[in-house]
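Just below is one structure, and these are the notes that go with it.
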Amino acid sequence: MTQKIRVGLVGFGISGQVFHAPVMRSIPELELVKITARKAEQKVIVSEKYPTALAVDHIDDIINDESIDLVVIATSNDMHYPFAKQALLAGKHVVVEKPFANTSEQADELIALAKEKGKIISVYHNLRFNSDFRTIREVIKDERLGQIKNFEVRYDRFRNHLRPGAWREENLPGSGIFYDLGAHLIDQTLQLFGKPDAVFADLTIQRPGAKAIDNFELLLYYPEMRVSLKGGMLAKEPTPRYTIFALNGNFLKNGVDPQEDLLRAGAFPDEDPNWGKEDPSIYGKLNLLWNGTDLEEIVPSKLGSYPDYYQNVADAILGKAPLIVTADQGRDVIRIIELGIQSQEQRRVVSLDNQLIAY
């Protein structure tokens, strides 16, 4: 009989409804029992899609429930730290939506508290489980590209207007796309290449009336390579997601992992046997000079699987596996964001020195 981990989900906006609740449903060990859902329409969704879960009005209804083992924080970024701290103090395991916290100091405090309480805390860097990123890892591991000199990633959207009432577009701690989209790209880069020597950031506000960063470029300097991470809100024409320039040639990856669109459309991973499978039209292209011969090759994408994240969290809580996405790693993403902001303010390249703890 499967051992159950009782879960409380704090936050049932886009993050909770799209990226957490339907993904957790796929994991036999996880039992979603309470969801904070204050709005009438949210309560309807809970009753229709998660009939065994109870909709509650306040985080205290979850924190004070001694039967709950794991608390998932899927709120606005400014509440990640206080809610995660409250859950840890109550003796719960915790998953925090990225970004982990708004400052590395807050992240360090949560890491220390989790260790003191003997609890697991993880950050939901789900884009590690994307089809495109998994494919990039394999292409780099294959080594046919040779030494990589430039690694470029873009995470673009098109919305030339402001979304009314959206906290991400307000001038709040942790708002703006550098914290939102940039955190994903930084995490992926650290996973692929480890700690850079220095960073430089150009952070701008481009849309009329916008209050938060809506365009970024972050350069990460490595001894023999430069990484460029970019994101913006004015990309009407799709841009390449990944471009690799190496001594033996290039790899180009267009398109994006299909999971987000499927989840937004209301799909459940456990109901789709082809979950995470890309359309062949967006497979990546390898273009090499190999043994004196031009070689072009279409590289089929690996399967994406956000459920793999939550399966690992469940396994880690049950002592079956080490945690894949650690709090230390989530903290280092925040530290690089902070150094990027410092770079923007001072208009200079900022050295990392001993600023990271996981890499």
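This chain uses plain numbering: 1 for the first residue, then up along the sequence.
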Is [Y] reachable from [X] through a run of I, L, V, M, F, W or Y residues, each pair having side-chain heavy atoms under 4.5 Å apart?
X      : Y      : result
Leu286 : Leu252 : no
Ile140 : Phe251 : yes
Leu356 : Val349 : no
Met24  : Ile120 : yes
Val256 : Leu192 : no

For [Y], is there any backbone N or O sitting under 3.5 Å from a side-chain donor or acceptor partner on [X]?
X      : Y      : answer
Ser343 : Leu339 : no
Lys195 : Asp353 : yes
His80  : Pro99  : yes
Asp214 : Gln206 : yes
Gln42  : Phe12  : yes
Tyr155 : His184 : no

Using 30° and 60° as the class boundaries, would you call the ring planes of Phe216 and Phe178 parallel, tilted or perpendicular?
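Ring orientation of Phe216 relative to Phe178: tilted.
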Angle class for the Tyr124/His20 ring planes (parallel below 30°, perpendicular above 60°, tilted otherwise)?
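Tilted, since the angle between the ring planes falls between 30° and 60°.
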In Å, rounded to the nearest 0.5 Å, how long is the span from [atom1] of [X] to [atom2] of [Y]?
X      : Y      : atom1 : atom2 : answer
Leu110 : Phe100 : CG    : CZ    : 4.5 Å
Asn287 : Leu295 : CG    : CG    : 8.0 Å
Asn130 : His125 : CG    : NE2   : 13.0 Å
Ser76  : Glu97  : OG    : CD    : 11.5 Å
Ile317 : Asp69  : CD1   : CG    : 7.5 Å
Leu303 : Asn274 : CG    : CG    : 8.5 Å

In sequence, state the C-alpha distance, the side-chain angles, and the governing distance for Thr75 and Phe83, and then conclude on side-chain contact (heavy atoms from CB on, under 4.5 Å).
CA-CA 9 Å; Thr75 61; Phe83 282 171; 3.8 Å; yes
Partners meeting side chain to side chain contact (heavy atoms under 4.5 Å, CB included) with Glu31 (sequence neighbours left out):
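For Glu31, the residues satisfying side chain to side chain contact (heavy atoms under 4.5 Å, CB included) (neighbours in sequence not counted) are Lys4, Arg6, Val33.
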Ion pair [X]/[Y], N-O distance below 4.0 Å:
X      : Y      : answer
Lys34  : Asp65  : yes
Asp132 : Lys253 : no
Arg134 : Glu278 : no
Lys302 : Asp257 : no

Note, [X] side chain near [Y] side chain (heavy atom, < 4.5 Å):
X      : Y      : result
Lys285 : Asn254 : no
Lys119 : Ile121 : no
Thr135 : Tyr242 : no
Leu32  : Leu9   : yes

Per the side chain to side chain donor-acceptor pair (under 3.5 Å) rule, what does the pair list look like for residues 45-56, sequence neighbours excluded?
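Residue pairs passing side chain to side chain donor-acceptor pair (under 3.5 Å), neighbours aside: none found.
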Please list, one pair per line, the donor and acceptor atoms closer than 3.5 Å that link side chains of residues 226-241 to other protein atoms, with sequence neighbours excluded.
residue	atom	partner	partner atom	Å
Thr239	OG1	Asp156	OD2	2.7
Arg241	NE	Arg154	O	3.1

Does Glu297 have any salt bridge (charged side-chain N to carboxylate O under 4.0 Å, His left out) partners at least two apart in sequence or in another chain, and if so, which?
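Scan of Glu297 (salt bridge (charged side-chain N to carboxylate O under 4.0 Å, His left out), adjacent residues dropped) gives Arg144.
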Less than 3.5 Å apart, which donor and acceptor atoms pair up between the side chains of residues 318-337 and the rest of the protein, not counting sequence neighbours?
residue	atom	partner	partner atom	Å
Thr326	OG1	Gln329	N	3.2
Gln329	OE1	Arg128	NH1	3.2
Gln329	OE1	Arg128	NH2	2.7
Gln329	OE1	Thr326	N	3.1
Arg331	NE	Asp108	OD1	2.9
Arg331	NH1	Gln355	O	2.6
Asp332	OD1	Ile357	N	3.0
Asp332	OD2	Ile357	N	3.1
Asp332	OD2	Ala358	N	2.7
Arg335	NE	Gln355	OE1	2.8
Arg335	NH1	Glu338	OE1	2.7
Arg335	NH2	Gln355	OE1	2.9

Pair Gln3-Glu29, side-chain contact (heavy atoms from CB on, under 4.5 Å): steps then yes or no:
CA-CA 6 Å; Gln3 185 175 350; Glu29 294 89 346; 5.9 Å; no
Which pairs count as ring-ring contact (aromatic ring centres under 6.0 Å, His included) when at least one residue sits in residues 267-297, sequence neighbours excluded?
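Non-adjacent pairs meeting ring-ring contact (aromatic ring centres under 6.0 Å, His included): zero.
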Asp61 and side chain to side chain contact (heavy atoms under 4.5 Å, CB included): which partner among Val56, Ile68, Val10?
Val56
